[in-house]
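Here the structure comes first, spelled out in structure tokens, and everything after it is commentary.
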Amino acid sequence: MAVREWDPASATDAEIESVVAALNEVLATDLPGDPHWQNTGMREYLSETMPGERRVCWLTDGDPPGRATGHANLLLLGDIGVVEVLVHPGARHQGVGSALLDAVVRRAYSEGLASIGVEAVGGTPAMKFWESLGFRCPYVEMRSVLDLSTVDRGSVRAMAAAPDGYRVEFHPGGLPDSLLEAYAAAKASRREAESGELELRPSSYDAQRLAESLTTLNRRGMKPYLVLAVHEPSGAVAALTEVVTPAQHPSRADQYDTIVAPAHQGRGLERTIKARMLTELRAVEPRVTEVQTWNALANDPMAEVNAELGFHPDREWREYEADVLDLVRQLNTAS
Ligand SMILES: CC(C)(COP(=O)(O)OP(=O)(O)OC[C@H]1O[C@@H](n2cnc3c(N)ncnc32)[C@H](O)[C@@H]1OP(=O)(O)O)[C@@H](O)C(=O)NCCC(=O)NCCS
């Protein structure tokens, strides 16, 4: 089958539509409880990147042409690449995934990338696919989903009360410039305390990158909502949580980072800010019926807070990685 590079920014509407259709068939098969994606902001979702980053995309056409059987993309982030490969369930086990990956690996090599990483959902064929190619899995998270109709408004409002000495703020869409430095510093403080996770969804540790990342999210159709706890005596951002509502699946919001700076742990701030986020979301985004979030498997205090709020663990999210040179050697041996 022919793999062709395509550019979502200049693609026809029909091409974009065919990728959305293939993605929805994949979801129906691999993650049947997940909402389907709609073709709203999909072109921007696929084409917009952070300044200095690039995403290269490939398609395989079905018969008749114009109906994608598979799609892959490679996001170039410095010397690592982040890959996504999707094959329509009706076209699997025919080498489509391998052909797409072949194109990805050749490009990763020609771009000088050292390694590539990918996220795969536990319990789907993707695990075997990546493992059969020698990808290692150094990090596993659990995705949890909260059905907002089960949330008791009164108790969540009570949980959202700030402890003495802290003020909680809600910022829809972005952050005022005056808070960028303090917010980025809170993110950086956690980075030092954590290890293991691959940088497949890189965080923003300086003010400029943070501002660019918020702008990029908006451009990709993903509206960010931020709740933060400010330590009143020092003005430091002590804790923060980020939710994104994607135009592509507006009923299910994604809760990204929730961080408590090490100096402010032990005061229940993760509980306060997550509860406040839920009360705010209900008011400003009535289309959201579910929130999903991801946590490390072991020793994560956030998992306890999630359980208290009513999140239910659902699927493992496995991060895989492989060295590009090893993959190129394998391809050359196989061909
Ligand atoms: C993983 C995926 C890309 C594989 O695509 P594919 O076209 O079926 O892969 P190929 O036919 O090229 O298979 C290549 C090799 O991968 C392995 N593999 C693929 N699917 C497998 C499965 N179900 N069980 C075991 N091994 C599997 C095999 O080693 C296979 O080689 P073989 O056919 O000679 O045995 C495809 O299943 C897919 O799109 N999965 C969904 C991805 C996703 O992101 N889902 C999450 C929700 S969005």
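One-based numbering, in listed order, for ligands and for the atoms of each.
- Judged as a ring pair (Phe, Tyr, Trp, His ring centres under 6.0 Å), not a single pair has a partner in residues 96-117 (not counting sequence neighbours).
- At a 3.5 angstrom cut-off on N or O pairs, Leu23 does not count as close to ligand 1.
- There is a protein heavy atom less than 4.0 angstrom from atom 12 (O) of ligand 1.
- The closest approach between any non-hydrogen atom of Val85 and ligand 1 is below 4.0 Å.
- Among the atoms of Gly97, some N or O lies under 3.5 angstrom from an N or O of ligand 1.
- Here the heavy atom of the protein found nearest to atom 27 (C) of ligand 1 is Lys128 CB, 3.9 Å.
- No chain of hydrophobic side-chain contacts below 4.5 Å, direct or via other Ile, Leu, Val, Met, Phe, Trp or Tyr residues, connects Val260 to Trp294.
- Here is the list of ligand 1 atoms found below 4.0 Å of a heavy atom in Val96: 7 (O), 12 (O).
- Distance check for atom 23 (N) of ligand 1: a protein heavy atom is found below 4.0 Å.
- In terms of N/O distances under 3.5 Å, ligand 1 is approached by Gly95.
- For ligand 1, the atoms lying closer than 4.0 Å to a non-hydrogen atom of Ser132 are 16 (O), 17 (C), 29 (O).
- Counting atoms of ligand 1 from 1 in the listed order, those under 4.0 Å from a heavy atom of Ser98 are 10 (P), 12 (O), 13 (O), 14 (C).
- At the shortest separation from atom 16 (O) of ligand 1 among protein heavy atoms lies Phe129 CD1, 3.2 Å.
- Of all protein heavy atoms, the one closest to atom 8 (O) of ligand 1 is His93 N, 2.8 Å.
- When hydrophobic clusters are built by joining Ile, Leu, Val, Met, Phe, Trp and Tyr residues whose side-chain heavy atoms come closer than 4.5 Å, directly or via intermediates, Phe135 is grouped together with Val105.
- Evaluated by nearest non-hydrogen atom to atom 36 (C) of ligand 1, the leading choice among Met127, Glu25, Arg92 is Arg92.
- Other cluster members for Tyr225: Leu146, Leu148, Val151, Val156, Met159, Val168, Phe170, Val227, Val243, Ile273, Met277, Leu278, Leu281, Val284, Val288, Val291, Val305, Leu309, Phe311, joined by side-chain heavy-atom distances under 4.5 Å among Ile, Leu, Val, Met, Phe, Trp and Tyr.
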